[in-house]
Amino acid sequence: MSTTLVDMGAQDRRAGKDAEFSAYMSARQAALYRTAYLLVGDHAGAEDLLQNAFAKLYLSWDKVRDHGALDGYVRRVMVNEHNSLWRRAWKRREHSTDTMPDTGVHDEYDDGLGGVLWSFVQTLPPKQRSVIVLRYYEQLSEAETADVLGISVGTVKSQASRALAGLRARAPHSLHPHESGDEAR
């Protein structure tokens with residue numbers, strides 16, 4: 001079988017695409033994994049979510065015009081994938097863990113608030129959780145969060161407000177002492 005000039009050109013373009021994609025993935029995998037973990041709440045699920053997002057990015061690599069916005073594109077894919085997973089009935093019944101749930105889990109020391117608060121964040125509806133993760137854990141602005149999620153800034157604000165109200169309602173009294181006047185003591 002002989003290789004034509006057209007075939008060699010296609011091979012060169014594919015090699016260039018592969019090199020660009022590999023460089024991007026290597027540079028951004030750790031930061032994007034953090035977002036995936038915050039969305040999913042477990043390591044195995046985060047790895048799967050990020051792998052799916054990278055696969056979709058690779059398939060669309062030639063169509064992406066602004067390579068400076070790749071992180072936003074990948075975050076958007078992860079949020080959409082995560083939300084679609086929650087729509088599947090089997091996902092609501094099945095949760096993977098690394099250990100058997102015979103005993104309670106004790107979070108490592110983190111000032112007493114982080115582990116408790118994170119357990120409440122994990123109970124939020126997917127849209128509210130996505131807003132909280134992107135706004136407060138990833139520290140994106142309201143406009144950036146709206147762009148990643150494909151919603152308006154007003155929707156980001158309302159979802160964040162609802163989520164924070166829900167977190168306050170579920171949080172133990174000790175997590176927000178300022179509401180009882182304890183801060184003066």
Side-chain angles (χ1 to χ4, degrees), residues 16-92 94-98 107 110 113-167 170:
K17 171 186 172 180
D18 290 350
E20 286 177 9
F21 178 79
S22 293
Y24 170 77
M25 191 173 82
S26 296
R28 300 302 302 152
Q29 186 168 5
L32 293 168
Y33 173 80
R34 179 177 184 267
T35 302
Y37 178 79
L38 291 170
L39 287 170
V40 176
D42 70 82
H43 294 290
E47 289 169 358
D48 289 345
L49 184 63
L50 184 58
Q51 182 179 7
N52 288 341
F54 277 141
K56 288 186 177 204
L57 173 62
Y58 181 80
L59 293 173
S60 300
W61 189 261
D62 295 330
K63 298 173 191 166
V64 175
R65 291 186 194 122
D66 182 6
H67 283 246
L70 286 171
D71 283 0
Y73 176 81
V74 173
R75 283 188 184 110
R76 176 68 185 261
V77 169
M78 286 192 294
V79 167
N80 289 344
E81 282 289 306
H82 176 66
N83 289 344
S84 71
L85 284 175
W86 278 104
R87 290 184 192 115
R88 297 179 189 152
W90 63 266
K91 180 65 178 170
R92 288 190 288 267
E94 184 175 306
H95 300 283
S96 61
T97 64
D98 293 335
D107 288 328
D110 65 354
L113 302 177
V116 173
L117 185 58
W118 178 243
S119 68
F120 291 123
V121 170
Q122 291 177 309
T123 66
L124 291 172
K127 193 177 224 178
Q128 289 178 10
R129 183 175 178 175
S130 296
V131 168
I132 294 298
V133 164
L134 294 174
R135 279 287 291 132
Y136 300 105
Y137 285 89
E138 290 297 317
Q139 299 179 347
L140 298 181
S141 69
E142 289 171 340
E144 291 169 327
T145 301
D147 187 50
V148 168
L149 296 175
I151 58 178
S152 71
V153 171
T155 302
V156 169
K157 290 178 181 181
S158 67
Q159 290 295 313
S161 177
R162 286 185 192 121
L164 293 173
L167 292 173
R170 285 188 290 247

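Counting from 1, the numbers follow the sequence of the chain as shown.
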Under 3.5 Å, sequence neighbours excluded: what are the donor-acceptor pairs made by side chains of residues 120-128?
{"from": "T123", "atom 1": "OG1", "to": "F120", "atom 2": "O", "distance (Å)": "2.6"}
{"from": "T123", "atom 1": "OG1", "to": "R170", "atom 2": "NH2", "distance (Å)": "3.4"}

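- By the salt bridge (charged side-chain N to carboxylate O under 4.0 Å, His left out) test, R162 is found to be paired with no residue, residues two or more places apart in sequence or in another chain being considered.
- For D71, the salt bridge (charged side-chain N to carboxylate O under 4.0 Å, His left out) partners two or more places apart in sequence, or in a different chain, are R28.
- Judged by distance alone, the side chain of R135 and the main-chain N or O of L140 form a donor-acceptor pair under 3.5 Å.
- Residues K17 and D62 share a closest heavy-atom pair of CD-OD1, 3.7 Å.
- Here F21 pairs with M25, F54, L57, Y58, W61 under the side-chain contact (heavy atoms from CB on, under 4.5 Å) rule; sequence neighbours left out.
- Remark: Q51 engages no residue in a side-chain hydrogen bond (donor to acceptor under 3.5 Å, both in side chains) (not counting sequence neighbours).
- Checked against salt bridge (charged side-chain N to carboxylate O under 4.0 Å, His left out), E144 has no partners two or more places apart in sequence or in another chain.
- To the nearest 0.5 Å, the span separating CG on D147 from CD1 on I151 amounts to 10.5 Å.
- Not counting sequence neighbours, the partners of Y33 by the side-chain hydrogen bond (donor to acceptor under 3.5 Å, both in side chains) test are H43.
- Taken to the nearest 0.5 Å, the CG atom of L164 stands 4.0 Å off from the CD1 atom of I132.
- One finds the CZ atom of R76 at 11.0 Å from the CG atom of L134 (value rounded to the nearest 0.5 Å).
- To the nearest 0.5 angstrom, N83 atom CG is 10.5 Å from R129 atom CZ.
- The two residues V77 and A53 have their closest heavy-atom pair at CG1-CA, 3.6 Å.
- The shortest heavy-atom contact between S60 and Y73 is OG-OH, 3.3 Å.
- Between V131 and Q159, the closest heavy-atom pair is CG2-CB, 3.8 Å.
- Side chain of S161 to backbone of K157: no donor-acceptor contact under 3.5 angstrom is found.
- Nearest heavy-atom pair across V153 and A143 is CG2-CA, 3.9 Å.
- Partners of T155 under the side-chain hydrogen bond (donor to acceptor under 3.5 Å, both in side chains) rule, at least two apart in sequence or in another chain, are S152.
- Residues meeting the side-chain hydrogen bond (donor to acceptor under 3.5 Å, both in side chains) test with K56, sequence neighbours left out: E81.
- Considering all non-hydrogen atoms of both residues, L49 and M78 come closest at CD1-O, 3.5 Å.
- Between E47 atom CD and Y37 atom OH the span is 11.5 Å, to the nearest 0.5 Å.
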